[in-house]
Number of protein chains: 2
Amino acid sequence: MATDLTKETLDEVVNQRRRQQRSLDTRERILQAAFEEFAERGFEGASTRTVAAKAGVQHPLVTYHFKNKEGLWRAVVSTTSFNFGQHFQVQLADISEKDEVARLRLLQEQFIRFAAANPNFHWLMSHEGKRESDRLTWLVEERVKTYFDVVAKLIREAQKRGRYVEGDPYHLQYLFIGAVTRIFMLNAEVQQVMGRSPFSKKFVDEHVKTCCALFFREPPEKPRRR
Amino acid sequence: MATDLTKETLDEVVNQRRRQQRSLDTRERILQAAFEEFAERGFEGASTRTVAAKAGVQHPLVTYHFKNKEGLWRAVVSTTSFNFGQHFQVQLADISEKDEVARLRLLQEQFIRFAAANPNFHWLMSHEGKRESDRLTWLVEERVKTYFDVVAKLIREAQKRGRYVEGDPYHLQYLFIGAVTRIFMLNAEVQQVMGRSPFSKKFVDEHVKTCCALFFREPPEKPRRR
DNA sequence: GTCTATATTATGATAGAC
DNA sequence: GTCTATCATAATATAGAC
């Protein structure tokens, strides 16, 4: 079949592929710009025209690719949530299923490093948690609960072994997430109050240590060796 | 002089007072509505027309009483910051200047109870900490720094006595504030994830205990009595 | 797939009557 | 002090040309 293609139809195919590629690029650039815009201003505060301008495309293209503002928001949440999940999978695979404390510690450390690298992700989520909405219900059912449940299970195991602070695991997760993320989310204020950026490697390493030290406990005293 | 007043002028005085009172009421209602609106949507997301509608007044009255949107925002921050400060003064006066650990503990507990009662206050502040602006600079210089400095001093004293976790006091304050406030700020999400409200008296009491337990340390072992 | 043009609605701000 | 009327601007969304 391919050998039957005339010069004209070959050109058409090439053109079509170029167009498809450009379309994908456009979609990707809108998505990236929308992520920043939604994180910065929340769903209602965000402007799809500003998104288009940031992405360097005409504003009707937003509607073309994502139907409407809500479709754009859902696409942003889906891709960023996927990235969030991916961030843990790789390293977590190296650790034995049975060592729950080690898994939890790695998970929490990775969470902190993800928060440092993606403060916008936490703004995106936080904006929706303020008040009830269809978007919040969707977010909780599809994304938040699954993550919370996984971590809660690990926290319970760690608590059994005396390696994590006491308390309701869901409650403790809100404390942990708040303690970890706020300093990155309020980075402009932090810069003015502390005179340094919370994003430097040195600071992030300190932050990992300090946050983990707050929630993890040293192993209970073993009978003395020797 | 007062005895010279005719019936007409008396009526005028009464009317004027009524008008002044009504004006103050209007101002107050706009202020309250604006607090909710700014907390919910941030400065740029907030609409002065929505504020007027919530307050039940015509929208030009916003301009009359506060000049413009920024003037309204400043008035909101000033009054709510004043309330925040007032919240500590009363009980703090009862504690000796010298017992820094007790002062710090009371301050932190009062902070938690204030956060539970006024989640909007923390939203109002958080919106501005995201990115640089004249409003942020004003906020940090006029309100944030003074509070942070007072608490940092107490934290250093408590650390000297081994009664507070180690680390930079400003850094630790961001951890503490984040841990404390997030669960109240995301109350709609919390309700869906945990199936209960973070605002119940029982929950707030638990929260006070859990948060303080994370940051305060028990006194170092004294030589055993008896 | 992309872009011009436009319908509709909402915003911040102000002028002027009462 | 309050309210009606209005201006200039910017928003979401869509129709239709290319």
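Here the structure is a predicted model, which is why all the values come from computation and not from measurement. Chain A is the first sequence line, chain B the second, and so forth, proteins listed ahead of strands; every chain is numbered from 1.
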Q: Report yes if the distance between the aromatic ring centroids of B/Y147 and B/F84 is under 6.0 Å, otherwise no.
A: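 B/Y147 vs B/F84: aromatic centres under 6.0 Å.
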Between [X] ([atom1]) and [N] ([atom2]), how many Å, whole number?
| X | N | atom1 | atom2 | answer |
| --- | --- | --- | --- | --- |
| A/F66 | C/dG1 | CZ | P | 12 Å |
| B/R29 | D/dT2 | CZ | C1' | 13 Å |
| B/L72 | C/dG12 | CG | C1' | 12 Å |
| A/K67 | D/dT14 | NZ | C1' | 14 Å |
| B/L61 | D/dA5 | CG | P | 16 Å |
| A/N68 | D/dA15 | CG | P | 14 Å |
| B/H65 | C/dA13 | NE2 | C1' | 16 Å |
| B/L24 | D/dT2 | CG | C1' | 15 Å |

Q) Is any side-chain heavy atom of A/E128 less than 4.5 Å from a side-chain heavy atom of A/W73? A)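 Yes, close enough: below the 4.5 Å cut-off.
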Q) Do B/V77 and B/F38 have side chains that get closer than 4.5 Å, going by heavy atoms? A)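 No. Closest side-chain heavy atoms not under 4.5 Å.
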So which protein nitrogen or oxygen atoms get under 3.5 Å of nucleotides 16-18 of chain D's nitrogens or oxygens?
none

Q: Using a 4.0 Å cut-off on protein heavy atoms (strictly under), produce a 5'-to-3' string for nucleotides 4-11 of chain C with B for base contact, S for backbone-only sugar-phosphate contact, and - for none.
A: BB-----B
Q. In a check of side chain to side chain contact (heavy atoms under 4.5 Å, CB included) between A/F43 and each of A/H127, A/K69, A/E37, which one passes?
A.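 Running side chain to side chain contact (heavy atoms under 4.5 Å, CB included) over A/H127, A/K69, A/E37 with A/F43 returns exactly one hit, A/K69.
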Q) Do B/D168 and A/R196 sit within salt-bridge range, that is, some charged N less than 4.0 Å from a carboxylate O? A)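 Between A/R196 and B/D168 there is no salt bridge, as every charged N stays at least 4.0 Å from the carboxylate O atoms.
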**Q.** Basic-acidic side-chain contact under 4.0 Å: A/R135, A/E141
**A.**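 Salt bridge flag = no for A/E141 with A/R135.
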Q. Does the side chain of B/T63 get closer than 4.0 angstrom to OP1 or OP2 of C/dG12 through an N or O atom?
A.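 No, B/T63 has no side-chain N/O under 4.0 Å of OP1/OP2 on C/dG12.
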(Q) Before you tell me yes or no, could you show the steps for B/T137 and A/Q192 under side-chain hydrogen bond (donor to acceptor under 3.5 Å, both in side chains), namely the whole-Å CA-CA distance, both residues' side-chain angles and the distance that decides it to 0.1 Å? (A) CA-CA 8 Å; B/T137 305; A/Q192 292 208 24; 3.3 Å; yes
Q. To the side chain of A/Y64, which of D/dA13, C/dT14, C/dG1 is closest?
A.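 Of D/dA13, C/dT14, C/dG1, C/dG1 is nearest to the side chain of A/Y64.
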Q. Parallel, tilted or perpendicular: which describes the rings of A/F148 and A/Y170, with under 30° parallel and over 60° perpendicular?
A.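 Answer is parallel, since the angle falls under 30°.
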(Q) Tell me the closest heavy-atom pair linking B/T48 and B/V62, and the distance in Å. (A)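 Here B/T48 and B/V62 meet closest at O-CG2, 4.0 Å.
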